[in-house]
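Here is the structure we will look at.
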Amino acid sequence: MIKLAAALGALMLVAACSDPAAKDPSAPNWMKTRTVEAIGRAYVEAAPNRARFSVTFRQKAPTAEEASEVAVEKARLATEAVRRIAEGAVRVTSNLSVAPYYEQVVQRYNEYDERLVENVHPDALLGYTADVSVTITVLDPDKADEARAAALAAGPTSAQPISFYLE
């Protein structure tokens, strides 16, 4: 009898303490029911959907304009070839930088030691170096190897390896 009275008292206490938000239809779902919050980690495997590589074309010439024209033309040919191979599914970013280069002077210390010193005076100017850096993002990774081959066929001065990632 005491157990029945205790159980009845506990039931009445639960009914009296019920949450009013549970009866409110505009309340969010987590307020209507009991909710257990959990924080944790999950491991998800997904195939990459992007590939990126870059190539650089360098050209030396007596004037900055000549050096720029040749380097930009090489980069343009490489970009056109990549767009053709990847059927337009590429993003291309390019950057042109031009710098002068000067005659190098050797400073000798003794019979065995010497040091190259760059002579930056206007009378020692030999020409200009133009660098065009082209970063190519291929939107279909299955075409990345062919796109890279097309860019390398244009004869870049340097090239970075392909990296695959998920975007």
Side-chain angles (χ1 to χ4, degrees), residues 26-31 33 35-167:
S26 65
N29 190 38
W30 60 268
M31 288 181 72
T33 61
T35 305
V36 175
E37 182 177 330
I39 298 175
R41 295 181 183 195
Y43 180 74
V44 178
E45 246 183 68
N49 63 352
R50 300 287 186 262
R52 179 181 293 147
F53 64 93
S54 63
V55 291
T56 302
F57 298 91
R58 174 174 286 168
Q59 186 63 42
K60 288 184 176 182
T63 66
E65 292 81 14
E66 290 176 43
S68 297
E69 285 177 14
V70 174
V72 167
E73 181 61 21
K74 287 181 180 179
R76 187 188 65 75
L77 291 173
T79 302
E80 281 183 13
V82 167
R83 286 187 193 278
R84 201 171 316 117
I85 292 293
E87 298 170 355
V90 294
R91 280 186 247 157
V92 179
T93 306
S94 60
N95 184 27
L96 169 67
S97 62
V98 180
Y101 67 95
Y102 300 93
E103 177 183 352
Q104 297 290 318
V105 178
V106 176
Q107 182 180 23
R108 285 194 162 269
Y109 295 111
N110 57 35
E111 185 180 353
Y112 303 106
D113 295 328
E114 64 183 24
R115 180 176 68 120
L116 287 176
V117 179
E118 188 172 23
N119 188 0
V120 293
H121 300 290
D123 59 340
L125 180 68
L126 294 177
Y128 293 88
T129 302
D131 286 327
V132 178
S133 264
V134 182
T135 302
I136 299 166
T137 302
V138 183
L139 305 179
D140 182 5
D142 292 336
K143 296 179 182 177
D145 56 343
E146 294 173 10
R148 182 171 164 81
L152 293 177
T157 308
S158 65
Q160 298 297 320
I162 294 179
S163 62
F164 293 93
Y165 64 98
L166 182 64
E167 184 176 283

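If you read the sequence from its start, that first residue is 1, and numbering goes on from there.
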With sequence neighbours excluded, what pairs up with [X] under the side chain to side chain contact (heavy atoms under 4.5 Å, CB included) test?
X: E111; value: none
X: Y112; value: N110
X: A64; value: V98, Y128
X: T129; value: R58, K60, Y101, D131

Among residues at least two apart in sequence or on other chains, which ones pass side chain to side chain donor-acceptor pair (under 3.5 Å) with [X]?
X: E114; result: R108
X: R76; result: E73, E80
X: T56; result: S133

Nearest heavy-atom pair of [X] and [Y]: which atoms, and what distance?
X: L166; Y: A47; value: CD1-O, 3.4 Å
X: A61; Y: A67; value: CB-N, 3.5 Å
X: P141; Y: A51; value: CA-CB, 4.4 Å
X: I85; Y: A150; value: CG1-CB, 3.9 Å
X: A144; Y: F53; value: O-CE2, 4.4 Å
X: A78; Y: F57; value: CB-CZ, 3.6 Å

N/O donor to acceptor pairs below 3.5 angstrom from side-chain atoms of residues 87-96, sequence neighbours left out:
| from | atom 1 | to | atom 2 | distance (Å) |
| --- | --- | --- | --- | --- |
| E87 | OE1 | K143 | NZ | 2.8 |
| R91 | NH2 | E167 | OE2 | 2.8 |

Per the side-chain contact (heavy atoms from CB on, under 4.5 Å) rule, which among V138, D140, T137 passes with R50?
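Single side-chain contact (heavy atoms from CB on, under 4.5 Å) partner of R50 among V138, D140, T137: T137.
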
Pick from V55, V134, I136: which one makes a side-chain contact (heavy atoms from CB on, under 4.5 Å) with V82?
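Result: among V55, V134, I136, I136 is the only option passing the side-chain contact (heavy atoms from CB on, under 4.5 Å) with V82.
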
Any side-chain hydrogen bond (donor to acceptor under 3.5 Å, both in side chains) involving residues 144-165? Give me the pairs, sequence neighbours left out, ordered by first then second residue.
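Pairs touching residues 144-165 that pass the test: R52-Y165.
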
Residues that K74 engages under salt bridge (charged side-chain N to carboxylate O under 4.0 Å, His left out), provided they are two or more places apart
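By the salt bridge (charged side-chain N to carboxylate O under 4.0 Å, His left out) rule, K74 matches no residue at all.
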
With sequence neighbours excluded, tell me which residues meet salt bridge (charged side-chain N to carboxylate O under 4.0 Å, His left out) with E66.
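Residues passing salt bridge (charged side-chain N to carboxylate O under 4.0 Å, His left out) with E66: none at all.
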
